[in-house]
Amino acid sequence: MSTLVIYYSRTGTTKKVGEQIAQQLDCDREEIFDTKSRGGPIGYLLALIAAGRKRLTELKPVTKNPGVYDLVVIGTPTWSLNISVPTRTYIEMYKNKFKDVAFFTTCGGNPGKTFEEMETICGKRPRARLMLEKKDFKSGDDSKKIQGFVNKLR
Ligand SMILES: Cc1cc2nc3c(=O)[nH]c(=O)nc-3n(C[C@H](O)[C@H](O)[C@H](O)COP(=O)(O)O)c2cc1C
């Protein structure tokens with residue numbers, strides 16, 4: 001089975017998780033990049049507002065075609081209790097190409113409607129979902145949870 005792991009990450013947390021998932025599945029991965037700068041307090045504030053309003057953005061071109069994979073694993077940080085703007089944009093752009101999906105999110109402690117919204121836009125039930133919050137990274141529970149998620153995707 002062919003799998004692609006895609007993720008957006010503003011500060012590296014979701015990226016680290018995406019890399020581990022792809023490594024354990026021994027599959028392709030792609031980080032998605034926004035053309036808008038999201039750094040600093042202003043970037044944070046604008047991201048917060050845009051995510052709450054379910055806005056889209058312009059992404060840098062991706063290199064992998066999600067349509068050729070049996071499974072696309074999509075990762076996003078939670079923003080404003082919802083999907084981050086770049087990940088929302090990616091899902092909207094490619095939703096018709098996904099054969100099967102799985103979702104993961106990293107957050108401070110409240111993922112809100114992130115998974116429900118991803119499922120609604122994709123129009124598909126995910127094969128598995130993984131939510132990692134700040135305390136999981138502190139306690140070291142992240143590795144165990146990632147392993148459990150990966151096992152469901154094998
Ligand atoms: C704009 C913005 C909004 C956020 N909103 C939430 C939120 O609603 N709930 C939550 O638990 N964490 C929230 N966070 C925290 C991030 O989800 C968390 O730090 C995440 O792990 C960051 O991932 P990254 O390092 O891949 O960017 C928010 C962070 C940002 C930048």
Side-chain angles (χ1 to χ4, degrees), residues 3-64 66 69 71-95 98 101-122 126-153:
T3 303
L4 171 67
V5 180
I6 78 100
Y7 47 85
Y8 169 78
S9 187
R10 179 176 170 267
T11 48
T13 315
T14 315
K15 176 176 179 165
K16 242 185 261 169
V17 176
E19 285 174 344
Q20 286 180 55
I21 294 168
Q23 197 180 14
Q24 290 183 30
L25 287 172
D26 193 20
C27 72
D28 288 349
R29 67 178 169 89
E30 175 149 45
E31 181 171 0
I32 54 179
F33 295 97
D34 200 340
T35 55
K36 259 188 203 149
S37 159
R38 301 277 177 195
I42 303 275
Y44 174 90
L45 196 66
L46 293 178
L48 193 76
I49 295 166
R53 293 182 180 166
K54 303 186 180 183
R55 289 268 158 79
L56 300 179
T57 185
E58 195 175 326
L59 300 179
K60 293 194 179 159
V62 294
T63 62
K64 307 248 185 306
Y69 295 88
L71 171 69
V72 180
V73 182
I74 306 168
T76 184
T78 296
W79 283 4
S80 284
L81 306 174
N82 219 313
I83 316 172
S84 69
V85 171
T87 315
R88 177 186 291 279
T89 305
Y90 181 89
I91 297 172
E92 286 286 4
M93 285 171 78
Y94 296 108
K95 60 187 176 190
F98 303 148
V101 291
F103 305 145
F104 66 98
T105 191
T106 73
C107 65
N110 187 351
K113 293 188 169 147
T114 301
F115 288 137
E116 288 80 355
E117 190 81 358
M118 290 170 97
E119 186 171 327
T120 301
I121 305 174
C122 288
R127 186 161 335 158
R129 310 186 326 180
L130 169 69
M131 188 277 281
L132 291 173
E133 53 187 314
K134 208 171 181 180
K135 68 172 195 251
D136 293 319
F137 296 104
K138 275 203 179 134
S139 65
D141 280 351
D142 54 327
S143 307
K144 208 170 48 197
K145 290 187 178 177
I146 290 169
Q147 185 67 63
F149 178 67
V150 164
N151 287 344
K152 288 185 201 158
L153 305 180

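For ligands, and for the atoms within them, numbers begin at 1 and follow the listed sequence. Everything numeric here is computed off the predicted structure, so don't read it as measured data.
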Undergrad: With a 4.0 Å heavy-atom cut-off, what residues sit around ligand 1?
TA: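 Answer by chain and number: S9, R10, T11, G12, T13, T14, Y44, A47, L48, P77, T78, W79, S80, L81, T106, C107, G108, G109, N110.
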
Undergrad: So which pairs with a foot in residues 73-92 pass ring pair (Phe, Tyr, Trp, His ring centres under 6.0 Å), sequence neighbours left out?
TA: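 Those involving residues 73-92 are Y8-W79, Y90-Y94.
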
Undergrad: T63 and E30: which non-hydrogen atoms are nearest, and at how many Å?
TA: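 For T63 and E30, the tightest heavy-atom pair comes out as N-OE2, 2.6 Å.
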
Undergrad: Compare all side-chain heavy atoms of I6 with those of V73 and state whether any distance is below 4.5 angstrom.
TA: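 Contact flag for I6/V73 side chains = no.
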
Undergrad: Check the angle between the aromatic planes of F104 and Y7 and answer parallel, tilted or perpendicular using the 30° and 60° thresholds.
TA: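 It falls in the tilted class, 30° to 60°.
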
Undergrad: Show your working on side chain to side chain contact (heavy atoms under 4.5 Å, CB included) between E133 and D136 and close with a plain yes or no.
TA: CA-CA 5 Å; E133 53 187 314; D136 293 319; 3.4 Å; yes

Undergrad: Would you compute the distance between atom CD of E116 and atom CG of N82 and round it to the nearest 0.5 angstrom?
TA: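 Spacing of CD (E116) from CG (N82) equals 9.0 Å.
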
